[in-house]
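Have a look at the structure below before the remarks.
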Protein chains: 2
Amino acid sequence: MKHVKISNNVIRRLPRYLRRLDELAVAGVERISSKELGEKMRLTSSQIRQDFSCFGEFGQQGYGYNVLGLRAEIASILGMDRNFTMVVVGVGNIGRALLESFCFEQYGFKLMGAFDIRPDVVGKTINGVEILHADGLEELIKAEQVDAAVLCVQKASAKRTANSLLSYGIKSIWNFTNVELELDEEDIVVEDIHFSDSLLSMSYYLAESIDQESIRAEKAKRLNKKVAVKKQQ
Amino acid sequence: MKHVKISNNVIRRLPRYLRRLDELAVAGVERISSKELGEKMRLTSSQIRQDFSCFGEFGQQGYGYNVLGLRAEIASILGMDRNFTMVVVGVGNIGRALLESFCFEQYGFKLMGAFDIRPDVVGKTINGVEILHADGLEELIKAEQVDAAVLCVQKASAKRTANSLLSYGIKSIWNFTNVELELDEEDIVVEDIHFSDSLLSMSYYLAESIDQESIRAEKAKRLNKKVAVKKQQ
DNA sequence: TAGATTGTTAATCGATTAACAATC
DNA sequence: TAGATTGTTAATCGATTAACAATC
């Protein structure tokens with residue numbers, strides 16, 4: 001597969017396609033055209049065909065795409081069949097929530113362990129996973145060549161912990177700490193989940209939506225007045 | 001303020017600017033140029049000046065930007081001073097984690113209540129917030145004109161709950177359910193936090209990074225062989 | 001075969017970067 | 001004043017959309 005550099009925008013759409021195709025599969029749909037899929041996802045059919053064509057030819061003229069086949073291709077592109085391994089580092093509120101309800105396996109990640117340093121947490125078991133002391137992180141990561149870490153420690157120790165993880169050989173960090181990690185290493189993959197950034201973007205659009213609504217209301221009011229005046233005449 | 005339509009890319013960068021300016025303020029930095037800020041954030045100075053100029057003239061030639069002043073402008077653009085109100089709907093693992101550790105007030109959102117329907121959850125108090133029965137949602141939202149809801153219910157009830165919230169007058173949904181809501185209403189603001197999408201994007205880049213690493217290793221190996229052969233000659 | 005729909009090339013649109021006059 | 005740095009216009013780059021020949 002000759003990979004010209006794929007744009008980030010395309011990559012970010014792939015998981016959405018996957019989700020949609022899963023829904024279609026559950027609903028028993030066997031094939032779908034780029035036109036139909038585009039209507040469902042509010043994308044143009046052109047964009048969908050362009051996106052897929054970055055990776056190969058998954059469709060068939062006059063027919064469209066086979067739902068299960070396409071789903072499998074995308075899953076493979078995303079690396080879901082690579083048996084990546086992962087550890088959870090920091091079992092506070094968010095770490096615990098992920099352990100309790102996030103299905104790592106479903107996305108191709110095998111959970112190898114969860115770690116913390118607080119005595120009231122270490123030793124407990126959550127959803128079948130025993131919380132170990134972080135002293136054991138280095139050994140596990142090196143022994144099992146763990147690929148990725150979910151970073152859920154407190155802000156204050158985020159950068160330090162991240163750098164330790166790198167030095168143990170972790171290749172990728174899923175970062176829930178709301179800290180910009182700024183790591184020295186070049187080829188480390190960091191994926192941030194910044195709750196606050198998401199909320200603030202929403203806040204902007206909410207403010208805009210309210211402003212536009214009141215502009216509309218204002219216009220309608222003035223229009224009504226005019227109508228009223230006309231009626232009086 | 002004459003708002004030409006601001007692109008989504010710009011909006012998504014604003015919270016990052018805010019975070020960075022907060023860090024600078026804490027570090028006691030008073031002024032910063034677009035050049036310096038750009039280096040810190042890995043953006044071009046051009047882009048930074050373009051971004052800000054969408055909203056007004058916040059800098060001063062020959063000087064740069066005042067950190068606190070710029071911070072305040074961005075906070076205001078994001079609507080952080082609008083006293084938005086919010087409810088948490090669904091207090092499972094993720095809802096609880098947010099109640100326990102997410103600082104809504106810091107981002108300008110006032111938490112008006114948390115709701116669930118499960119008898120083992122309703123009546124409990126988390127971080128000073130009493131969990132109420134969802135039967136009370138309609139009354140509270142209408143009485144207090146609540147602006148936004150954090151949607152943390154289970155997948156199966158996500159769409160139904162979202163539609164109820166809309167019918168009660170909610171204007172915005174922060175969606176943690178990992179379901180594409182597809183609401184009928186036009187002017188509702190939805191902001192998704194899709195953990196799985198984020199993880200799968202990371203998975204793609206991790207796979208790519210591993211592949212590239214092994215290509216590099218392969219090349220180095222072949223090079224070494226050549227060198228060894230030369231040395232033998 | 002006729003109709004449908006792909007994969008791909010070309011055209012358009014929008015976002016980023018570069019350049020520079022204005023000015024603090 | 002001289003140096004620095006903005007805000008903005010123009011140039012470039014990249015992403016999306018449109019069009020269409022290929023083909024199932």
Item to complete: Encode nucleotides 17-24 of chain D as B, S and - characters from 5' to 3', where the letter depends on protein heavy atoms closer than 4.0 Å: B to the base, S only to sugar-phosphate, - to neither.
Response: BBB--BBB

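- Inter-residue side-chain proximity for B:Val150 and B:Ile173 is flagged as unmet; no heavy-atom pair is nearer than 4.5 Å.
- Of all the heavy atoms in A:Asn66 and A:Gly69, the pair that sits closest is OD1-N, 2.7 Å.
- Judged by distance alone, the side chain of A:Ser203 and the main-chain N or O of A:Leu199 form no donor-acceptor pair under 3.5 Å.
- With sequence neighbours excluded, the residues satisfying salt bridge (Lys or Arg N to Asp or Glu O under 4.0 Å) with A:Lys159 are A:Glu182.
- DNA chain D lies under 4.0 Å from at least one heavy atom of each of the following residues of residues 17-35 of chain B: B:Ser33, B:Ser34.
- For the pair A:Glu36 CD and C:dA4 C1', the interatomic distance rounds to 11 Å; values are reported in whole Å.
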Discussion item. Give the dot-bracket line for DNA chain D from 5' end to 3' end: parentheses for intra-strand Watson-Crick or G-U pairs under 3.5 Å, square brackets for crossings, | for inter-strand pairing, dots for unpaired.
Written reply: ..||||||||||||||||||||||

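- Separating the CZ atom of B:Phe52 from the P atom of D:dT8 is a distance of 14 Å, rounded to the nearest angstrom.
- Considering only residues two or more places apart in sequence or on other chains, B:Gln47 meets the side-chain hydrogen bond (donor to acceptor under 3.5 Å, both in side chains) condition with none of them.
- When rounded to the nearest whole Å, the span between CZ of A:Phe55 and C1' of C:dT8 equals 16 Å.
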Ignoring hydrogens and angles, write down the donor-acceptor pairs under 3.5 Å from the side chains of residues 52-62 of chain B, residues two or more places apart or on other chains.
from: B:Ser53; atom 1: OG; to: B:Arg49; atom 2: O; distance (Å): 3.4
from: B:Ser53; atom 1: OG; to: B:Gln50; atom 2: O; distance (Å): 2.9

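- Between the side chain of B:Gln212 and the backbone N or O of B:Ser209, no donor-acceptor pair lies under 3.5 Å.
- Contacts of B:Arg31 classified as side-chain contact (heavy atoms from CB on, under 4.5 Å), with partners at least two apart in sequence or in another chain: B:Tyr63.
- Straight-line distance from the CD1 atom of B:Ile48 to the P atom of D:dT5: 13 Å, rounded to whole Å.
- Residues passing the ring-ring contact (aromatic ring centres under 6.0 Å, His included) test with A:Phe176, sequence neighbours excluded: A:Trp174, B:Phe195.
- Across all strands, B:Tyr65 comes closer than 4.0 Å only to sugar-phosphate atoms, never to a base (heavy-atom distances).
- For the segment residues 7-14 of chain A, the set of residues with a heavy atom within less than 4.0 Å of an atom of DNA chain D comprises A:Ser7, A:Asn9, A:Arg13, in numerical order.
- Rounded to whole Å, atom P of C:dT5 lies 18 Å from atom CD of A:Glu57.
- Under the rule for a salt bridge (Lys or Arg N to Asp or Glu O under 4.0 Å), A:Asp81 has no partner lying at least two apart in sequence or in another chain.
- For A:Asp192, the side-chain hydrogen bond (donor to acceptor under 3.5 Å, both in side chains) criterion is met by A:Asn175, not counting sequence neighbours.
- Residues satisfying the salt bridge (Lys or Arg N to Asp or Glu O under 4.0 Å) criterion with B:Lys40, sequence neighbours excluded, are absent altogether.
- Here the C1' atom of nucleotide C:dT5 and the CZ atom of A:Phe58 are 17 Å apart, to the nearest Å.
- A donor-acceptor contact shorter than 3.5 Å is absent between the side chain of A:Ser101 and the backbone of A:Leu98.
- Between A:Leu37 atom CG and C:dT6 atom C1' there is a gap of 14 Å when expressed in whole angstrom units.
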